[in-house]
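First up is the structure itself, then whatever we jot down about it.
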Number of protein chains: 2
Amino acid sequence: MYYGAMTETLDIQAPDAVASAPLHSLLGDLITTAHRLTRLAAHETNRTESPATWRTLSVLQAHGPMRLGELARQSRVTQPTMTKIVRGLDELNWIKRIADSDDARASLIASMPRGEAALAEWRETLGTALVPFFDGLTDDEQDTLRRAVDILRDRADLRSSAPSAGAAK
Amino acid sequence: MYYGAMTETLDIQAPDAVASAPLHSLLGDLITTAHRLTRLAAHETNRTESPATWRTLSVLQAHGPMRLGELARQSRVTQPTMTKIVRGLDELNWIKRIADSDDARASLIASMPRGEAALAEWRETLGTALVPFFDGLTDDEQDTLRRAVDILRDRADLRSSAPSAGAAK
DNA sequence: CCATAATACATAGCCAAGCTATGTATTATC
DNA sequence: GATAATACATAGCTTGGCTATGTATTATGG
């Protein structure tokens with residue numbers, strides 16, 4: 001646990017680090033900001049139903065039905081965690097499990113109409129709650145955000161990126 | 001709980017909604033993506049120390065010492081939650097409490113050097129873990145992200161924005 | 001073709017981080 | 001100086017993470 005002497009940028013690093021230093025720093029800010037936004041949303045809508053629910057439904061809606069394990073990987077949570085979330089969604093009848101005829105161990109998780117409806121409703125609520133915070137946005141700024149979201153969504157998706165640490169093992 | 005018929009955009013809304021519809025939709029995507037990014041970060045770094053810790057330290061670093069209540073508001077959590085987080089940080093000696101001579105009920109929360117060091121270290125780890133995901137970014141894309149983060153950070157900050165639902169009461 | 005390994009999910013049990021409701025000390029107010 | 005308001009702490013609950021492990025199914029090697 002080192003400390004002391006951290007004025008701005010770090011100078012001594014591996015070669016190639018010079019070029020990626022701003023990216024490094026950007027990523028730190030990005031994640032911190034992302035977390036604050038998530039809190040902002042939860043706080044302002046103060047719904048009890050949990051962010052994880054919406055995140056999961058969003059993934060399902062974006063990518064269509066998939067197996068529980070795949071859903072876990074896409075959501076960057078472990079399989080047991082996803083089992084729990086899916087059980088909750090199942091009890092609400094927001095998703096259904098479609099048996100896989102080829103593999104009796106697995107089933108496809110598919111969102112149900114009322115799950116999609118609930119998600120849409122939540123997004124509405126969210127929009128209404130957050131609009132005040134983004135009130136004076138110029139068209140240009142709004143455009144920047146739109147493009148940023150598209151970039152990030154793409155990068156956060158599984159297929160493109162390295163699986164890495166947590167997922168494996 | 002309504003369901004059925006949600007093909008893309010909603011048409012019937014209050015006046016003025018037409019103009020803000022894309023913003024609504026943008027915000028939905030934004031929050032979902034933000035949450036996925038937070039998970040991505042947690043998953044890839046698989047540190048145990050919890051996002052809330054870093055978020056709190058970041059707020060402290062950005063705005064300087066402040067009272068616990070203020071810190072809670074900035075972080076968009078309730079006061080008891082912040083009490084818990086601060087206790088944890090205190091035990092680690094990552095923050096200290098500075099008694100307020102004018103008001104014996106309150107004290108200022110200030111980050112300690114080793115707290116700042118830990119935060120910096122985490123940001124390093126984070127950068128290293130996430131760089132692979134953002135590998136082929138063009139300069140233009142990186143610039144877009146930078147600008148987006150700046151906009152969002154500003155909007156998520158307290159002073160500018162409406163306090164609203166959760167905080168009040 | 002059967003035994004073993006690998007896979008897909010479920011279960012159990014733990015902890016962190018949210019929340020509401022309530023308590024306790026201090027400060028402000030009439 | 002009593003009452004109200006404020007700032008934080010405590011208690012107790014829920015959710016959403018995690019690891020470790022169990023159970024059923026499928027794949028594989030001799």
Side-chain angles (χ1 to χ4, degrees), chain A residues 35-36 38-57 59 65-92 95 97-109 165-169, chain B residues 35-36 38-57 59 65-92 95 97-109 165-169:
Chain A
H35 195 186
R36 291 188 72 187
T38 304
R39 278 277 67 225
L40 174 60
H43 201 59
E44 292 301 318
T45 59
N46 56 330
R47 294 269 221 130
T48 52
E49 292 101 346
S50 77
T53 300
W54 310 122
R55 188 195 57 214
T56 306
L57 283 174
V59 172
M66 66 183 78
R67 294 173 152 204
L68 192 145
E70 162 96 15
L71 191 50
R73 276 186 297 275
Q74 279 287 357
S75 305
R76 318 281 178 181
V77 299
T78 58
Q79 169 262 307
T81 296
M82 189 48 72
T83 295
K84 236 186 253 186
I85 294 171
V86 164
R87 181 169 50 221
L89 289 171
D90 202 4
E91 281 164 5
L92 286 167
I95 57 102
R97 300 164 193 259
I98 304 171
D100 185 337
S101 45
D102 293 344
D103 189 341
R105 294 169 302 180
S107 48
L108 285 181
I109 312 296
K169 158 71 93 35
Chain B
H35 195 186
R36 292 188 71 188
T38 305
R39 278 275 67 225
L40 175 60
H43 201 61
E44 292 300 319
T45 59
N46 56 331
R47 294 269 220 131
T48 52
E49 292 100 347
S50 79
T53 301
W54 310 122
R55 186 196 58 215
T56 306
L57 284 174
V59 172
M66 66 183 78
R67 294 173 152 204
L68 192 145
E70 162 95 15
L71 191 49
R73 276 187 298 275
Q74 280 286 357
S75 305
R76 318 282 178 180
V77 299
T78 59
Q79 168 262 308
T81 297
M82 189 48 72
T83 296
K84 233 186 257 186
I85 294 172
V86 164
R87 181 170 49 221
L89 289 170
D90 201 5
E91 281 164 5
L92 286 167
I95 56 104
R97 300 164 192 260
I98 305 172
D100 184 338
S101 44
D102 293 343
D103 188 341
R105 295 169 300 178
S107 48
L108 285 181
I109 313 297
K169 154 70 94 40

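Chain letters run A, B, ... following the sequence lines, proteins first, then strands; residues in each count from 1. The structure displayed is predicted, hence computed values, not measured ones.
Here the P atom of nucleotide D:dG16 and the CG atom of A:Leu57 are 12 Å apart, to the nearest Å. Distance CE (A:Met66) to P (C:dC9): 12 Å, rounded to an integer number of Å. For the pair B:Leu68 CG and D:dT10 P, the interatomic distance rounds to 12 Å; values are reported in whole Å. A:Leu89 places its CG atom 13 Å from the P atom of C:dA10, with the value rounded to the nearest Å. For the pair B:Arg36 CZ and D:dG16 P, the computed distance is 17 Å after rounding to whole Å. One interatomic measurement links the two molecules: CG of B:Asp100 to P of D:dA7, which rounds to 11 Å at whole-angstrom precision. Protein atom CG of B:Leu108 is 13 Å distant from nucleotide atom C1' of D:dA7, rounded to whole Å. B:Arg39 places its CZ atom 12 Å from the P atom of D:dG16, with the value rounded to the nearest Å.
Of the residues in residues 79-87 of chain B, those placing a heavy atom less than 4.0 Å from an atom of DNA chain D are B:Gln79, B:Pro80, B:Thr83, B:Lys84, B:Arg87, in numerical order.
A distance-only check finds a donor-acceptor pair linking the side chain of A:His43 to the backbone of B:Arg76 [under 3.5 Å].
Side-chain atoms of A:Ala106 lie closest to C:dC9 of the nucleotides D:dG17, C:dG18, C:dC9.
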Using the 3.5 Å cut-off, write out each protein N or O paired with an N or O of nucleotides 3-6 of chain D and the distance between them.
unit_1: D:dT6; atom_1: O2; unit_2: B:Arg105; atom_2: NH1; d: 2.4

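When side chains are defined from C-beta on, A:Arg39 counts as touching B:Val77, because their heavy atoms get closer than 4.5 Å. Inter-residue side-chain proximity for A:Gln79 and A:Leu68 is flagged as met; some heavy-atom pair is nearer than 4.5 Å. Residues A:Met82 and A:Ile109 are not in side-chain contact: their nearest non-hydrogen atoms beyond the backbone lie 4.5 Å or more apart. The closest side-chain heavy-atom distance from A:Arg55 to A:Ser75 is below 4.5 Å. Counting heavy atoms from C-beta outward, B:Asp100 and B:Arg105 have side chains that stay 4.5 Å or more apart.
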Practice problem: Show your working on side-chain contact (heavy atoms from CB on, under 4.5 Å) between B:Arg97 and B:Leu108 and close with a plain yes or no. | Solution: CA-CA 6 Å; B:Arg97 300 164 192 260; B:Leu108 285 181; over 6 Å; no

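Not one side-chain nitrogen or oxygen of B:Arg97 sits closer than 4.0 Å to the OP1 or OP2 atom of D:dA7. Distances shown here put every side-chain N or O of B:His43 at or beyond 4.0 Å from the OP1 or OP2 atom of D:dG17.
The residue A:Asp102 sits close only to the backbone: its heavy atoms come under 4.0 Å of sugar-phosphate atoms, none of a base.
Judged by distance alone, the side chains of A:Thr81 and A:Thr78 do bring a donor and an acceptor atom under 3.5 Å apart.
Partners of A:Arg36 by salt bridge (Lys or Arg N to Asp or Glu O under 4.0 Å), not counting sequence neighbours, listed by chain and number: B:Asp157.
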